[in-house]
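Worksheet: one structure, shown below.
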2 protein chains.
Amino acid sequence: MSASGSAAPAPLAVDAFSSGCPPRALLNTVGDKWVILVVNLLGDGGARFSEIQRAVGGVSRKMLVQTLRTLERDGLAVRTVYADAPPRVTYSLTPLGQTLLRPLQAVRTWCEDHVTEVSSAQAVYDARPEYTGSAATG
Amino acid sequence: MSASGSAAPAPLAVDAFSSGCPPRALLNTVGDKWVILVVNLLGDGGARFSEIQRAVGGVSRKMLVQTLRTLERDGLAVRTVYADAPPRVTYSLTPLGQTLLRPLQAVRTWCEDHVTEVSSAQAVYDARPEYTGSAATG
DNA sequence: CCGTATCCGCGAGGATACTG
DNA sequence: CAGTATCCTCGCGGATACGG
């Protein structure tokens, strides 16, 4: 409730998140796991909600709705509702969303292309002795 | 776990391209907000821990350590410790990390390039009436 | 200066039930 | 089929203190 008047020190939360040049919020949205997958999927053309859910696999309805809402709100995807029974809703990329498709495809491709190398590196790292006995000379 | 061929029910492994094929964990790592920022930063050359922390801005020591550990473990960055006082540690991209630089730069560039359009779209969406009164006549 | 360990709040996100 | 609302858990991530 409104504890008015108390000299709450207001711990100077000076919006430290926007300190850097690049848009953090957008970066966070664009880098989101489901966003990358869904945008890549929609790159092949429009798809129904259930189709997307099935294609992505492992995504809950809640998360998919949230992801698609974000994409729609950001002007990256359009939502089309058909007044038909049973209800049919399709999603597709906007021109703006298609400009994002290329970068995200590159990221997805990189992951598929280098997952083996990364796994190997992880195995090597995991096999390391945990005692920090080696210091770089020099 | 190597029960091959057994009549395990295995409710049809969702054959979609996203469920099992693409590396979700790697996608999640690569898409991480701090990872994108740090990799982009290291693309300009090696940097000290404190330099990275200052350059990124708003990242806690804990998160930065965690991010750099992940990059090191995945073979994307190398950590160099100088046995000097005061301690000096530098991080730089590996050749593998440099191959990731291009895609992540593209993502970062896209964000900077389209943040205005996205903000506009958000404003438009935010101004919408919340009652869904428009159904597509399809 | 670099890194670890501990505590803890908060919100992401799954499961479920219900509406249109 | 598509979407919402509710509950509840779990771990992300900040704050702090300490070690090397």
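So you know, we letter chains A, B, ... as the sequences are listed, proteins then strands, and number each from 1.
- Between the CZ atom of A:Arg88 and the C1' atom of D:dA2 there is a distance of 13 Å, rounded to whole Å.
- Sequence order on DNA chain C of the closest nucleotides to A:Trp34 and B:Arg48 puts B:Arg48 first from the 5' end.
- For the segment residues 59-69 of chain B, residues with any heavy atom less than 4.0 angstrom from an atom of DNA chain C are, sorted by number, B:Arg61, B:Lys62, B:Val65, B:Arg69.
- Within the 4.5 Å cutoff, no side-chain heavy atoms of B:Glu51 are placed close to those of B:Leu41.
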Anything under 3.5 Å between a donor and an acceptor, one on a side chain of residues 59-78 of chain B, the other on a protein residue two or more places apart or in another chain? List them.
residue	atom	partner	partner atom	Å
B:Ser60	OG	B:Met63	N	3.2
B:Thr67	OG1	B:Met63	O	2.8
B:Thr70	OG1	B:Gln66	O	2.9
B:Glu72	OE2	A:Arg128	NH1	3.4
B:Asp74	OD1	A:Gln122	NE2	2.7

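- Chain A approaches DNA chain C within less than 4.0 angstrom (heavy atoms of the protein), and the contacting nucleotides run 5' to 3' from C:dG13 to C:dG20.
- Looking at every heavy atom in both residues, B:Cys111 comes nearest to A:Leu27 through SG-CD1, 3.6 Å.
- Sorted pairs that involve residues 27-72 of chain A and meet ring pair (Phe, Tyr, Trp, His ring centres under 6.0 Å), not counting sequence neighbours, are lacking altogether.
- With contacts defined as side-chain heavy-atom distances shorter than 4.5 Å, the pair B:Trp110/A:Leu104 does not qualify.
- Legend: residues meeting salt bridge (charged side-chain N to carboxylate O under 4.0 Å, His left out) with A:Glu117, ordered by chain and number and at least two apart, are absent.
- Of all heavy-atom pairs between A:Pro23 and B:Glu112, the closest is CD-CG, 4.1 Å.
- Between A:Val35 and A:Val30 there is no side-chain heavy-atom pair separated by less than 4.5 Å.
- Residues A:Pro87 and B:Arg79 both approach DNA chain C. Their nearest nucleotides, taken by heavy-atom distance, put B:Arg79 toward the 5′ side.
- Looking only at side-chain heavy atoms (C-beta outward), A:Leu100 and A:Leu93 stay at 4.5 Å or farther from each other.
- A donor-acceptor contact shorter than 3.5 Å links the side chain of A:Asn40 to the backbone of A:Ile36.
- Across its full length, the helix from C:dC1-D:dG20 to C:dG20-D:dC1 shows an angle of 40° between the axes of its 5 terminal pairs at either end, rounded to 10 degrees.
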